[in-house]
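These notes concern the structure reproduced below.
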Amino acid sequence: MKSLEDVAKLAKVSTATVSRALSRPDMVAEETRKRILAAVEELGYQPNRLARSLRQRSSRSLGLIITDILNPFHATVAKGVQDAAEKHDYTVFLFNTDEDPEKERRALNVLRGHLPQGLLIVPTPRTRENLKLVANLPTIELDRESGTPGAHSVMVDNIGGARAAIEHLTALGHRRIGMIVGRLDITTAVERHQGYRDGLAAAGIPYRKELVLPGNHREEGGRIAAHALLSRPPGERPTALFVGNNEMTVGAVLAARELGLRIPQDLSIVGFDDSRWARTMQPALSVVAQPEYDIGFLACETLLSLLRHGKAMQPVRIRLATNLIVRDSTAPPGHISQP
């Protein structure tokens, strides 16, 4: 492997001049810079970025911590972050927590050793405490908020999106609308639950807590909750379900099929999050779509802007709009067949 000294020898300059030409080209005369770059190309020299980072106590890298890489939502968010980072010649270190605060804490400890310039994180319930490990690191929270004072965040209008889903179902004539909700120690779940309640109230429908069950943001949790709701007596069974995220919606659809319920003839379903499977399943699923890619891309651009211009005096809190997409999984309530 060729070294900085090899480049300096070939270009007939000092190693300090080579270093300046690669890191601060404006400080080196044009002819000298061209000679150095020619030597770099001829030798195939690759700068040791890690060593340079250790000297400078920073690197052109960012940390990204998400909670579920298998969830298409988080995978697309990560893609948006990476694309924005690469646009500005930054590297992204990716960590997955599986919604586990201890994994998040370990990820932050590992990340500190890489000396990133900034952090993007999808919080767990203990992020506010865990972020103390990197207290001086510029941070953007994605999708959720941890409650950290002064935190910057990029999210969507969860309340408005959930309310739009319920207004769609009530306009079709549904009165018994169940909800499979995520973990209520996470802000997105709290906000979507509030939107559900707001939608019912707007239609004059009383909120019934027995029609709301937790799905823990997981497919199996959604399946179990849907089984419980759809196994109620026919006069008490929901004619429609609103499901708080993509994974739980998969579980709800599986439960409906296991119980022999037809979608939408026996049961209407609206999920929060769009995906390829939602578009291609039969019938195609009505959803509240989020701009997942835009969340990641905009969050990364915002973080890099903060790095360029210094920390903002006021927290940056960006809320993107959601989009209700009506497909074939919703219809006016009809007879619910016996499982």
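Just so it is clear, the values below take in all heavy atoms, side chains as well, and ignore hydrogens, waters and symmetry mates. One is the number of the first residue; the rest follow in order along the sequence.
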Q.
Between H88 and E301, is the side-chain hydrogen bond (donor to acceptor under 3.5 Å, both in side chains) condition met? List the steps.
A. CA-CA 9 Å; H88 297 280; E301 288 281 1; 3.1 Å; yes
Closest heavy-atom pair, N246 versus S275, reported as atoms and distance to 0.1 Å, is OD1-OG, 3.4 Å
Which of L229, T249, I263, V270 passes side-chain contact (heavy atoms from CB on, under 4.5 Å) with L241? It is L229
Side-chain donor-acceptor pair under 3.5 Å between H152 and T139, yes or no? no
Closer than 4.0 angstrom, basic N to acidic O: yes or no for E30 and K34?
yes
Self-check item: Distance-only side-chain donor-acceptor flag, S14 / T17, under 3.5 Å
Solution: yes
Polar contact flag, side-chain donor to acceptor under 3.5 angstrom, E5-T15: no
- Query: Is the shortest side-chain N to carboxylate O distance from D83 to K87 below 4.0 Å?
  - Reply: no
* Asked: Is the closest side-chain donor-acceptor distance between T330 and H168 under 3.5 Å?
  -> yes
Students should find that the hydrophobic cluster of F297, defined by side-chain heavy atoms under 4.5 Å apart, otherwise consists of Y293
Under-4.0 Å salt bridge between E99 and R218 = no
Paired with R257, the side-chain contact (heavy atoms from CB on, under 4.5 Å) test is passed by just one of L259, V253, L261, namely V253
Here the salt bridge (Lys or Arg N to Asp or Glu O under 4.0 Å) pairs for residues 161-171, sequence neighbours left out, are R163-E167
Residue pairs meeting ring pair (Phe, Tyr, Trp, His ring centres under 6.0 Å), one or both in residues 200-249, sequence neighbours left out, come to H193-Y207
The reported gap from OG in S61 to CD in Q117 (rounded to nearest 0.5 angstrom) is 7.0 Å
Contacts satisfying salt bridge (Lys or Arg N to Asp or Glu O under 4.0 Å) that involve residues 103-112 (not counting sequence neighbours) are D98-K103
Sorted by chain and number, sequence neighbours left out, side chain to side chain contact (heavy atoms under 4.5 Å, CB included) with R276 holds for R279
When T67, I66, V122 are each screened for side-chain contact (heavy atoms from CB on, under 4.5 Å) with D143, the one that passes is V122
Residues at least two apart in sequence or cross-chain that pass side chain to side chain contact (heavy atoms under 4.5 Å, CB included) with R317, listed by chain then number, are E145, S153, P315, R319
